Amino acid sequence: FISERFASVFERFRKQQNLTADNIREGLKEVRRALLEADVAVEVVREFLQRVESKAIGQQLIAGVTPAQQIVQVVHDELIALMGEPDSELPWASAGPTVILLAGLQGSGKTTTAAKLAHLLQRQHQKRVLLVAADLQRPAAIEQLKTLGQQVGCPVFHREGLRPPELCAQAVAAARQGGQDVVILDTAGRLHVDEALMSEVAEVHARTQPHATLLVVDAMTGQDAVNSSKAFHQRLPLTGVIVTKLDGDARGGVIVSLRHVVGRPIKFVGVSEKLDGLQPFHPDRYARRILG
Amino acid sequence: IGARRTIDAAFLRELEDTLLAADIGVAKTEEILADLQRRYRAGEVAEGEDLLRFLKASLRAELAAEEQELRFAAQGPTVVLVVGVNGAGKTTTVAKLAHRLRAIGRRPLVAAADTYRAAAIEQLSVWAQRARVEIVKGEPGGDAAAVAYDAVAAAQARGCDTVLIDTAGRLHNKEHLMRELEKMRRVIQKRLPEAPHDVLLVLDATAGQNAVQQAKVFKEIIGVTGLVITKLDGTAKGGVAITVKRELGLTVRYIGVGEGLDDLQPFDPDAFVEAIFA
Ligand SMILES: Nc1nc2c(ncn2[C@@H]2O[C@H](COP(=O)(O)OP(=O)(O)OP(=O)(O)O)[C@@H](O)[C@H]2O)c(=O)[nH]1
Ligand SMILES: Nc1nc2c(ncn2[C@@H]2O[C@H](COP(=O)(O)OP(=O)(O)OP(=O)(O)O)[C@@H](O)[C@H]2O)c(=O)[nH]1
Ligand SMILES: [Mg+2]
Ligand SMILES: [Mg+2]
């Protein structure tokens, strides 16, 4: 754990009574390094450490614990606080279908997540779900969602000759008619710098008034996460985030960046390729992983 | 960062932010900054020379390689295995490569060896049609290694000079999936001992430091020979390429700059480094 790295650094400060800017400087440097290696964004690390420092300075040294361990505990606690309370709740519609919009960069795991979410809502909440294949651009994207829909036992909506905003609007109308409780809109992957596609997804949002708008992000995302997530949050009122591929060995610092930049809860995490591979997000499990 | 002549704290801080933001990584960034300061003090950077230009030149030099875009076989088909983690851009890259090879007068064949993921075979089939190249595929759920084997055999029989094998995305920490890839390699070698001639690891430019681990493990287990960095048309810089080159000796052969067949470019270290400081 990270505190072992500090042991030698903090040997020098054994005689002190309180945590001071001086005796935590070296420790914070090591924390900074660990967070950057974990892919937490540079600007997020900077602001996070400023907060940790102001919280830590003046704290009385705890007996039986080195200043190193103490500062790491402050970092750990602040990280947990930043990650927020576990919140996998979805805002259910008071009448008519609950609409969930999934958006994100190419390859982040949206289509697979749409199917996993359908599976979870059917199983755990006994909801009747309609999946909507609104990716008109990727070859065989519709087939992909249809195949997954079959595996989940959930209908997949698609209509030819319609652009995504109109297609999604018709899907919601169809769900209302058909009595489905939830509509999950799977959209095409897009770059946050692609103006036309960002406008398109904003239009999908305008036409369908989703109850939940979730950004789907790959756990291995690096520094660019702040650029893309800020842009998506500007164009769409994100209500939450889903982080995928956490079954890999990426440290997952993107989780911290997302919490800091988007400020919305991480609702679920993807932990396998299978359809039951979607779990609620538990912040405490990831703080240690991120700190390394 | 404007043209600078003096290394002051402000310059170093700005430079550090730029390098870190490009996913160059904290260790490599520290090394670059320390090296820059050392050379400056040693007078290796000429008075008045633009320090940034000096740094760009040294980064370019690190990434440059005396490497052909593909290691073409002297005779018989060239077999290229395309691997990487889920969603990196392998299938699209295979399509783009096939299109490019056809444009330069070669006769490629693509193999749909992702027999696992929903509609993976359909996805490559659509691409093969658009790129107007032949495709060898199996049944969904079938043996992926068998598809690779059949593709090499088909290329030999039909006189195709390049076989591009698309594989299923897999996280490198999944031992059973990595073993499956190793098995595919052995099966290909059975058919053609000198194959695969190239094993290209596809890395997503938006990936952070984990990309270095991906490169390490894929190289260790199935012998990666080169990299493709995709999605460089976004704002991610793919700076991990510098560490991967330094630690594993792997060079970038191509970059992906979009979702269309034409959106593949041979790697240009100059443009890559310029983009980091743009
Ligand atoms: N191991 C693992 N793989 C995942 C997870 N989520 C998605 N994947 C895989 O990641 C790859 C990309 O998933 P997709 O669902 O096609 O991603 P997408 O965002 O819809 O892609 P585009 O529509 O092209 O933007 C596929 O191989 C999925 O099986 C996860 O949580 N764990
Ligand atoms: N903008 C952009 N998108 C890309 C690029 N390369 C691939 N993509 C997109 O990334 C997404 C995933 O691409 P795929 O080719 O399906 O990736 P993959 O590695 O084969 O995915 P799996 O087989 O599921 O592991 C698709 O939406 C592609 O269009 C690129 O260079 N730029
Ligand atoms: Mg998709
Ligand atoms: Mg693929």
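These numbers were taken from a predicted model, which means no experiment stands behind them. In the text below, chain A, chain B and the rest are named by the order of the sequence lines, each starting its count at 1.
Heavy-atom distances place both the backbone and the side chain of A:Asp249 under 4.5 Å from chain B. Looking at A:Leu105, the atoms closer than 4.5 Å to chain B (heavy atoms on both sides) all sit in the side chain, from C-beta outward. The parts of A:Asp247 that come within reach of chain B are both its backbone and its side chain, each placing non-hydrogen atoms under 4.5 angstrom from that chain. Contact of B:Val85 with chain A is made through the side chain alone, with heavy-atom distances under 4.5 Å. In this structure, chain A has no heavy atom under 4.5 Å from any part of B:Lys237.
Chain B forms more heavy-atom pairs under 4.5 Å with one residue of A:Val254, A:Val226, A:Leu191 than with any other, namely A:Leu191. With chain B as the partner, the residue from A:Gln106, A:Glu43, A:Arg46 showing the most heavy-atom pairs under 4.5 Å is A:Gln106. In terms of heavy-atom pairs under 4.5 Å with chain B, the best-connected choice from A:Lys146, A:Gln150, A:Arg32, A:Glu143 is A:Arg32. In terms of non-hydrogen atom pairs under 4.5 Å with chain A, the most contact-rich of B:Leu124, B:Asp23, B:Val26 is B:Asp23. Each of B:Asp17, B:Thr29, B:Ile121, B:Val126 has some count of heavy-atom pairs under 4.5 Å with chain A, and the biggest count is that of B:Asp17. The most heavy-atom pairs under 4.5 Å with chain A, out of B:Glu122, B:Gln123, B:Arg130, B:His172, come from B:Gln123.
Panel note: side chain B:Lys231, backbone B:Thr206; no donor-acceptor pair is recorded below 3.5 Å. A donor-acceptor pair under 3.5 Å links the side-chain atoms of A:Arg259 to the main chain of A:Leu82, judged by distance alone. Judged purely by atom type and a 3.5 angstrom limit, A:Ser108 has no side-chain atom pairing as donor or acceptor with the backbone of A:Asp218. Counting only distance, with no hydrogens or angles, the side chain of B:Glu259 and the backbone of A:Arg138 share no donor-acceptor pair below 3.5 Å. Judged by distance alone, with hydrogens and angles left aside, the side-chain atoms of A:Asp39 form no donor-acceptor pair with the main-chain N or O of A:Gly253 at under 3.5 Å. Under a 3.5 Å cut-off, the side chain of A:Thr187 and the backbone N or O of A:Leu102 do form a donor-acceptor pair.
The contact list for residues 90-102 of chain B toward chain A, using heavy atoms and a distance under 4.5 Å, is empty. Contacts of residues 209-219 of chain B with chain A at a heavy-atom distance below 4.5 Å involve B:Gln209, B:Asn210, B:Gln213, B:Gln214, listed in sequence order.
When the options A:Val40, A:Val256, A:Val52 are evaluated for a side-chain contact (heavy atoms from CB on, under 4.5 Å) with A:Leu79, the one that passes is A:Val256.
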Report the C-alpha separation of B:Glu31 and B:Lys28 in whole Å, then their side-chain angles, then the decisive distance to 0.1 Å, and conclude whether the salt bridge (Lys or Arg N to Asp or Glu O under 4.0 Å) test is met. CA-CA 5 Å; B:Glu31 183 192 316; B:Lys28 186 67 189 158; 3.0 Å; yes
For a side chain to side chain donor-acceptor pair (under 3.5 Å) check, start with the C-alpha distance between A:Ser199 and A:Glu195, then their side-chain angles and the critical distance, and finish with the verdict. CA-CA 6 Å; A:Ser199 298; A:Glu195 182 47 39; 2.9 Å; yes
Does the pair A:Glu37 and A:Arg33 meet the rule for a salt bridge (Lys or Arg N to Asp or Glu O under 4.0 Å), with working shown? CA-CA 6 Å; A:Glu37 281 171 354; A:Arg33 211 161 200 282; 3.2 Å; yes
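Put simply, CG on A:Leu167 and CG on A:Asp135 are 11.0 Å apart, with the number rounded to the nearest 0.5 Å.
Between A:Gln279 and A:Arg285 the shortest side-chain heavy-atom distance falls below 4.5 Å. Residues B:Leu201 and B:Val244 are not in side-chain contact: their nearest non-hydrogen atoms beyond the backbone lie 4.5 Å or more apart. Taking the side chain as every heavy atom from C-beta outward, A:Val42 and A:Leu36 approach each other to under 4.5 Å. Here the side chains of A:Tyr286 and A:Leu246 are in contact, with some heavy-atom distance below 4.5 Å.
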